[in-house]
Structure formats: structure tokens, C-alpha cells
Amino acid sequence: MKHDDTNTILDKIGRHDGMTVPDGYFDTLTQRIEASLPERDWEKEQADNIAPRSIWQRIRPYVYLAAMFAGVWCMMHIFSLTGATSPGQMSIDNYPVLAQALSDPAVAEELNDETYYTTNEEDLMDMLWQEGFDPMDDTSAPNQ
Amino acid sequence: MADTYSSLCGDTDAAADKKQRTDSGATDEATPQLIARLRDPATCRQAFGEVIKLYGTRLYWQIRRMVQTHEDADDILQNTFLKAWSNIENFRGDAKLKTWLYKIAINESLTFLEKERKRCNISLEDESSMIINLIAADKYVDGDELALELRKVIATLPEKQRLVFNMKYFDDMKYEQMSEILGTSVGALKASYHLAVKKIEQHFSESD
């Protein structure tokens, strides 16, 4: 059937169409086309998975975690400093009456007593009151 | 010296011609192993290289016979593989790889011809004159006058007949495979081929 259709043409000119290509065109065709193929997303992902991880890439999550904790610690520290009495106000030098009282050997002895460590601020003020010191006196205000 | 198409399939003897094309590896279908490697991201690129090697030459000639000039055929062939590569994950094993690539190549070639037609402001009826001009512009020919005449006669055929004739006559493709590629029934393809052959025969018998 096929030959019935094509015999006349085949007999005359065959399957030759006279087309040619540049020298060596087919020799380099595969390489040229391969080189022009773009990298696909899944190839990049795979390359990332295969590539050896550097020291930095391995420790990076831990560094980030440590930095986060340091940041949280710094923030909490800043809040505690701004919220509480500053260290300058806490100094005994700002309270001359208290300093004088503490320099009294009797008071010092009392303070050296083991009960000092269990005495709260209210008890201490009460004790000073009894010793004749008035914490509400203007002269006992901090020197600021 | 330039490689000639006759070095691939220019022998007038059909059997020798078919043998040469088989030797180029282009008649082989992709193996299931190759398809499996195409689906594996680790081996896909390498397997695609083998696909280019397997079908590159054959697709080139299919495209060349449609667009006529080597430069355009080369560009379209690259676009064909680029498109296939970009959509390789969409390639399903139920369709034959060869059929899929041929579909892309033919669509790319038809799109090119349509663009050329619009660029030159040529109607569909006058497409044959545009193709004859492209044939005249083709630098890579071996000077065979009879072969050149055949190209020009094929250019005068309607698009479908031209396609079917090229695939059947030069590529020796089975009607069933052509049917898959072109989405046309085998009967219609046989009719198109028969008409094409008759027109070409008529042309050469008149010119004798």
C-alpha cells in the first residue's frame, strides 16, 4: 500500500531532500543543548543537600539560639535596672544618719548578731527608732 | 565539507536509508529505565542528555523540513528541548516520550511559521510562497535540483498534508504514532498522505 503511493517518487528522487547542516553540527548538538538548559529549582535544592556543610553552617542554629537568650537576658537586665532603685541610691553614703548609727559599736555589735540576717527592714527601722534615730528626720535624707 | 542529509537518509534505497536512521539511534523508543531516571531528580539531567542524543537528530530534520532554514531549525530545536526540560515533571509515563517531544517540536515549528506569516503580513493561503522564499534563503543545500524541486512542491501542499507527507515519507513514521502526535485519525492521515503523494506525482509528471 505504502509503496503503491510512493513508488513513483521514490523511483525518481528517493528520500533525498538536498538539505545539509554546518560541519560537525550534530557532533556538538547534545552538548550545546545540554549547556543551555537552565538549572531547575529541585536541582538547586538537591545541590544544597549534597554540598558539605561548613562549620559555620553547622553551629549557626546554636549561635542564633545563644544570641536570642543573650538578648532576652539583656532586656530583662535593663528592665530590672530601670524598674528598681539605682545602685547610687542604694549606697550607705547617701544616708549619713544610718551610716553614723552603723558606726556605733553597740549597733554594729547588734548587727553582727546572727539575728541581723533574719531581721527585715521594718525591724531594723524600729530598732534604729528605739536607739534615738529618727528616719523621718530631714537630716537623714540622702545627700542629693 | 558539510554534513549532508544524504549522509543520514539520502540513499535512494529505502532499506539502506532506514538502516542509517536506525544506526543514529533515533528510531529507538526511550527505555523504561531512561524514563525512570528522568523522574529521579538525582539523574534527571543526565538522562535528559541521553534523550537529546536519542531524538535530537530526528527532531532536527522534522523541524527543518517544516521551517526550511538551518538557523531557524536550530533555534526551534533548542526551544523544543528547553520547553521539554522546563516541563519534564509534567511528562507522564503513559505518553511516549517520543510522541511528547514531537508534539512540542511541531507546535514550536507551527508557531514559528505563524509568527513569520504575521511578520511578513502574509495570509494563510499565501503561506506556500513564504515557505518557498525560506527554501530559497536556505544556505545549507547540496545543490541537488531535483531535491530542491521536491521541497518546493511539498511547500505548496496544505499544512496538514505537508506535515503528514514529511513524517511518513522522510521519517517513515507509523500512522498510529502520527495519529498520537497530530491528534488526527489514522484514516484521515492516510487520506492526507495519499492526496499529498498524488499532488506531488502530478507535479513531476507534468514537468516531465
Side-chain angles (χ1 to χ4, degrees), chain A residues 1-69 71, chain B residues 1-14 17 24 41-42 44-45 48-50 52-53 56-57 60-61 64-65 68 70 73-74 77-78 81-82 85-86 88-89 138 140-151 154 168-170 172 190 193-194 197-198 200-201 204-205:
Chain A
M1 181 75 183
K2 186 190 86 178
H3 291 289
D4 290 345
D5 281 343
T6 56
N7 263 349
T8 311
I9 302 168
L10 275 174
D11 289 345
K12 204 164 186 177
I13 43 179
R15 293 169 193 252
H16 181 57
D17 59 13
M19 294 186 214
T20 63
V21 292
D23 283 336
Y25 173 72
F26 289 117
D27 298 337
T28 57
L29 181 67
T30 305
Q31 291 93 322
R32 279 192 306 110
I33 295 174
E34 272 187 300
S36 70
L37 299 176
E39 194 177 17
R40 302 294 309 277
D41 292 342
W42 38 264
E43 282 187 299
K44 286 176 192 166
E45 285 168 19
Q46 198 190 28
D48 289 345
N49 291 337
I50 291 170
R53 298 172 71 201
S54 66
I55 294 170
W56 167 243
Q57 282 174 321
R58 273 181 282 172
I59 65 166
R60 190 167 52 187
Y62 303 107
V63 172
Y64 288 165
L65 198 65
M68 190 187 74
F69 280 119
Chain B
M1 186 170 166
D3 295 339
T4 60
Y5 179 48
S6 58
S7 70
L8 286 164
C9 59
D11 198 321
T12 50
D13 181 66
D17 168 54
S24 73
C44 186
R45 183 174 279 270
F48 197 78
E50 288 174 36
I52 298 168
K53 206 171 183 178
T57 306
Y60 169 84
W61 288 116
R64 176 81 182 269
R65 287 184 207 110
Q68 306 301 333
H70 166 73
D74 185 47
L77 183 67
Q78 291 220 21
F81 281 116
L82 201 61
W85 174 246
S86 303
I88 194 73
E89 62 268 38
D138 188 15
Y140 293 99
V141 288
D142 64 1
D144 187 327
E145 289 297 324
L146 203 54
L148 189 65
E149 185 65 18
L150 176 63
R151 285 175 74 184
I154 294 168
K168 186 70 189 169
Y169 184 74
F170 291 113
D172 202 20
K190 282 181 178 176
Y193 184 68
H194 181 74
V197 169
K198 286 288 168 200
I200 293 165
E201 279 180 346
F204 280 102
S205 61

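Note on naming: letters A, B, ... go to the chains in the order of the sequence lines (proteins, then strands), and numbering restarts at 1 for each one. All of these numbers come straight from a predicted model, not from anything done at the bench. The analysis underlying the following values was restricted to heavy atoms, covering all of them including side chains, and did not include hydrogens, waters or symmetry mates.
- The distance from atom CE of Met19(A) to atom CG of Asp142(B), rounded to the nearest 0.5 Å, is 10.5 Å.
- Of all heavy-atom pairs spanning Phe48(B) and Leu37(A), the tightest one is CD2-CD1, 3.5 Å.
- Residues satisfying the side-chain contact (heavy atoms from CB on, under 4.5 Å) test with Arg40(A), not counting sequence neighbours, are Trp42(A), Glu43(A), Trp85(B), Ile88(B), Glu89(B).
- Using the six-membered ring where Trp is involved, Phe26(A) and Tyr60(B) have ring planes that are perpendicular, over 60° apart on the 30 and 60° scheme.
- Heavy-atom minimum distance, Gly18(A) versus Ala147(B): N-CB, 3.5 Å.
- In this structure, Tyr140(B) has its ring center no closer than 6.0 Å to that of Tyr25(A).
- Ranked by non-hydrogen atom pairs under 4.5 Å with chain A, the options Leu77(B), Asp74(B), Asp144(B) are led by Asp74(B).
- For Ala73(B), no part sits under 4.5 Å from any heavy atom of chain A, backbone or side chain.
- For Arg151(B), the part lying near chain A is the side chain, with the backbone staying farther off; criterion is any non-hydrogen pair under 4.5 Å.
- In terms of heavy-atom proximity, Ser36(A) sits nearest to Gln78(B) at OG-OE1, 3.5 Å.
- For Glu34(A), the side-chain contact (heavy atoms from CB on, under 4.5 Å) test picks out Thr30(A), Ile52(B), with sequence neighbours left out.
- Salt-bridge formation is not detected for the pair Arg64(B)/Asp17(A): no Lys NZ or Arg NE/NH1/NH2 atom is positioned less than 4.0 Å from an Asp or Glu carboxylate oxygen.
- For Leu65(A), the CG atom counts as densely surrounded, since its 6.0 Å shell holds more than 12 non-hydrogen atoms of other residues, nucleotides or ligands.
- Between His16(A) atom NE2 and Leu146(B) atom CG the span is 9.0 Å, to the nearest 0.5 Å.
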